[in-house]
Amino acid sequence: MALPLEFEKPLFELETKINELRTFSQEKGLDFSSEIATLEMKAEELRQKIYRDLTPWQQAQLARHPDRPNTVEYIRLMIQDFFELKGDRLYGDDPAILGGVGRFLGRPVTVIGHVKGKDTKENIYRNFGMPHPEGYRKALRLMRQAAKFNRPIFCFIDTPGAYCGIGAEERGQAEAIARNLFEMAGFPVPIISVIIGEGGSGGALALGVADRVMMMEHAVYSVASPESAASILFKDAGLAPTAAAAMGITAERLKELQLIDRIVPEPSGGAHRNPAGTAKELADAFAAELEQLLSLSKEELVQKRYEKYRNLGLHTIETAQEAF
Amino acid sequence: MKEMDGLWVKCKQCQQIFLVKELEKNLKVCRCGYHYRMTAQERIDSLIDEGTFIEWDKELVTKDPLRFPGYAQKIQKCQSDTSMAEAIVTGQGDIHGIPVAIGAMDSRFIMASMGAVVGEKIVRAAEKALEKGWPLILFSASGGARMQEGVLSLMQMARTSAALTRLSEAGLPFFSVLTDPTTGGVTASFAMLGDLIIAEPAALIGFTGPRVIEQTIRQKLPAGFQRSEFLQKHGMVDIIIERPKMKAQLATLLSLHMPMAGGVND
């Protein structure tokens, strides 16, 4: 169990107290059940309140919570017969992106996702979910295979962004991302993406050009991390909470702006409070979207995907009255 | 450009002093080879046959959907400083008699960052090229996605790329020309998707800007890192073309991409 986030502390203190009381009552054989019930009711109220009124910055912190189910866990909970397939056939294998084939409700699917580690050791191995070009090229290779074998593609997005470093630039980080956007626009199989935690920048979008884009209730999606947006715009990374609020990064806001298609509900307190239940909700969402997409012909699918992106955000521009 | 105020200019690279007029006559390239940044209009003028340019979507502007603090004022200031509505000029014109759809970004306008208007103008240019059967040429110069439009700006990477997918499927050529500086979401979308990727000499081209990389890895970056020649060495750029030769070489390259009657294409 990771340390509680700042805004979760009152709830954690109360929960700790309840647990202590429960242990004490068991050890001593005393009946505190009515006191425990009252405290639990209080805890539930507090939980509802805290997680209903989160600021965008608190959402971002929750989206990065180390206990949150990651791609590996969702695959374990949702996909049967999963085989991880490795390597881009060009340079190497990037553990920051995991991909493979498996079965979803009996149907073969290709599954690809960023993976953040659960602890420091795994995070170093996974590079904190920040892919190198070979990660994106592996993803592309697997998507091409999905198109060849007529399998739907599921993408799990969870990254602070593409890695920035000398090797990443030398091997064409920008080209690798661009190529994915370009080819994903044309694959004749359903593509469904879900942002499960943090969707940061082009490094997230490279798995996010899809027929349906879903977000977990407490996930965030942004053009740049709040920290880097703050340092670009305000020359002060400390103003990340301000940037988070200004950029509109929460699932609710992005749904309002018509930039995502569906919000997948999470248990009160976040997905990590009940990974299996959350995975069930997510599986239901995948199933519902997939059913719709499978009713389309390949031509319709690609045409509708083009139209979706073609029309995205057109309500935000206009022709000025004045002449330039 | 500050260095160019007044009559004289001191070159950033060779430190020699020149008449501004002389530099402008040479398309803003110093005798030492240093390429100064160009405005979008200067770019178009340097490439398109006189009297053939027709600008498209000149008046398209953002509605500032996020009501992002300070954004509307910033846009207004850029508009009055540049007399442009947005950071890119798109349109049609001839290059040595060959009709093309063309776009040129202008780094004076919020670092030519890509928001919904820039994205839409590129998408429309690609669609127009497709409709007319013309090649598309885009001159990039950009700091990347426009923060003030949030995820909407990120989506322009997907939109422009999808439009290019269509153009490509129709067998029409897209030439991407990278100029100083081309970074972030622009590099990671349309700019890296050219059938040909051309660069001006010594242009800064990358995904992450060098300052951020240095801060992240806490290392000094090698000399020439993320410059055109570095990208070419690493297999990311086809040709580096000096500005004074750009128009003639583009015309030749365009002619090499035309389907020939009775050729393999028919």
Side-chain angles (χ1 to χ4, degrees), chain A residues 162-166 168-186 199 201-206 208-209 221-224 228-229 231-233 242-243 246-249 253-254 257 259-260 305-306 309-310 312-324, chain B residues 57-66 68-69 79 83-85 116-117 119-120 123 145-159 161-166 168-169 184-185 187-193 205-208 212-213 216-217 219 221-222 225-226 230 234-236:
Chain A
Y163 185 65
C164 58
I166 293 177
E169 293 288 327
E170 286 177 337
R171 299 198 291 280
Q173 187 73 287
E175 194 277 341
I177 293 170
R179 187 65 47 194
N180 281 20
L181 310 181
F182 181 83
E183 293 208 19
M184 287 177 88
S201 174
L205 184 65
V209 179
Y221 195 11
S222 59
V223 60
S228 54
S231 80
I232 293 168
L233 291 166
T242 312
M247 284 195 297
I249 63 174
R253 187 81 179 98
L254 291 167
L257 291 163
L259 296 173
I260 61 159
R305 189 182 309 143
Y306 184 74
Y309 283 94
R310 179 67 192 83
L312 200 75
L314 286 186
H315 60 285
T316 71
I317 60 178
E318 64 188 346
T319 303
Q321 295 309 309
E322 59 204 296
F324 285 94
Chain B
D57 308 310
K58 196 176 174 182
E59 264 90 41
L60 225 48
V61 292
T62 174
K63 291 200 251 177
D64 185 12
L66 297 177
F68 198 98
Q79 285 172 340
S83 302
M84 297 167 69
V117 172
E120 178 66 10
V123 169
R146 189 171 292 172
M147 300 291 139
Q148 293 91 338
E149 292 186 29
V151 171
L152 184 65
S153 66
L154 190 65
M155 290 304 131
Q156 306 313 315
M157 295 169 64
R159 299 181 74 235
S161 301
L164 294 174
T165 305
R166 292 218 146 176
S168 181
E169 280 165 359
T187 319
S189 61
F190 67 87
M192 274 292 156
L193 293 173
I205 303 159
F207 178 59
T208 313
V212 177
I213 298 180
T216 310
I217 63 174
Q219 249 176 271
L221 296 169
F225 181 68
Q226 290 183 320
F230 173 94
H234 285 93
M236 297 297 150

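Small disclaimer: the values here were computed from a predicted structure and weren't measured. In what follows, chains carry the letters A, B, and so on, assigned in the order in which the sequence lines appear, proteins first and then strands, with residues in each chain numbered from 1.
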Identify the two heavy atoms, one from [X] and one from [Y], that lie closest to each other, and give their separation to 0.1 Å.
X        : Y        : result
B/Leu154 : A/Gly202 : CD1-N, 3.5 Å
B/Ser161 : A/Phe182 : O-CD1, 3.7 Å
A/Ile177 : B/Ala188 : CG2-O, 3.8 Å
B/Pro69  : A/Ala246 : CD-CB, 3.9 Å
B/Val212 : A/Cys164 : CG1-SG, 4.5 Å
B/Ser83  : A/Phe324 : O-CB, 3.9 Å

Sole residue of A/Leu254, A/Leu257, A/Ile260, A/Ile249 in side-chain contact (heavy atoms from CB on, under 4.5 Å) with B/Val151: A/Leu254

Using the side-chain contact (heavy atoms from CB on, under 4.5 Å) rule, pick out the option among A/Glu175, A/Glu169, A/Glu170, A/Arg171 that qualifies with B/His234. A/Glu170

Contacting moiety of [X], where chain A heavy atoms sit under 4.5 Å:
X        : answer
B/Phe190 : neither
B/Gln219 : side chain
B/Thr216 : side chain
B/Ala191 : neither
B/Val61  : both
B/Met236 : side chain

Heavy-atom pairs under 4.5 Å with chain A are the metric here; pick the option from [options] that has the most.
options                     : answer
B/Val123, B/Asp57, B/Leu221 : B/Val123
B/Phe230, B/Phe68, B/Phe207 : B/Phe207
B/Leu66, B/Asp64, B/Thr62   : B/Leu66

Between atom [atom1] of [X] and atom [atom2] of [Y], what is the distance when rounded to the nearest 0.5 Å?
X        : Y        : atom1 : atom2 : value
B/Leu152 : A/His315 : CG    : NE2   : 7.0 Å
A/Leu233 : B/Met147 : CG    : CE    : 6.5 Å
B/Met192 : A/Gln173 : CE    : CD    : 11.5 Å
A/Leu181 : B/Met157 : CG    : CE    : 5.0 Å
A/Tyr309 : B/Arg159 : OH    : CZ    : 11.0 Å
B/Gln226 : A/Ile166 : CD    : CD1   : 9.0 Å

Please determine, among [options], the option with the most heavy-atom pairs under 4.5 Å with chain B.
options                                : result
A/Gly165, A/Ala229, A/Ala174           : A/Ala174
A/Gly186, A/Ala204, A/Ala176, A/Ser201 : A/Ser201
A/Ala320, A/Ala206, A/Ala185           : A/Ala320

Is it true that a side-chain atom of A/Thr316 and a backbone atom of B/Lys63 form a donor plus acceptor pair closer than 3.5 Å?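 No; zero donor-acceptor contacts below 3.5 Å.
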
Do [X] and [Y] come close enough that some side-chain heavy atom pair is under 4.5 Å?
X        : Y        : result
A/Thr319 : B/Leu60  : yes
A/Arg179 : B/Leu193 : yes
B/Met155 : A/Leu205 : yes

Heavy-atom distance under 4.5 Å to chain B: side chain of A/Tyr306, backbone, both or neither? side chain

Could you tell me which residues satisfy side-chain hydrogen bond (donor to acceptor under 3.5 Å, both in side chains) with A/Glu318, sequence neighbours excluded, listed by chain and number? none

Quick one: list whatever passes side-chain hydrogen bond (donor to acceptor under 3.5 Å, both in side chains) with B/Gln148, sequence neighbours left out.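 Per chain and number, B/Gln148 pairs via side-chain hydrogen bond (donor to acceptor under 3.5 Å, both in side chains) with no residue.
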
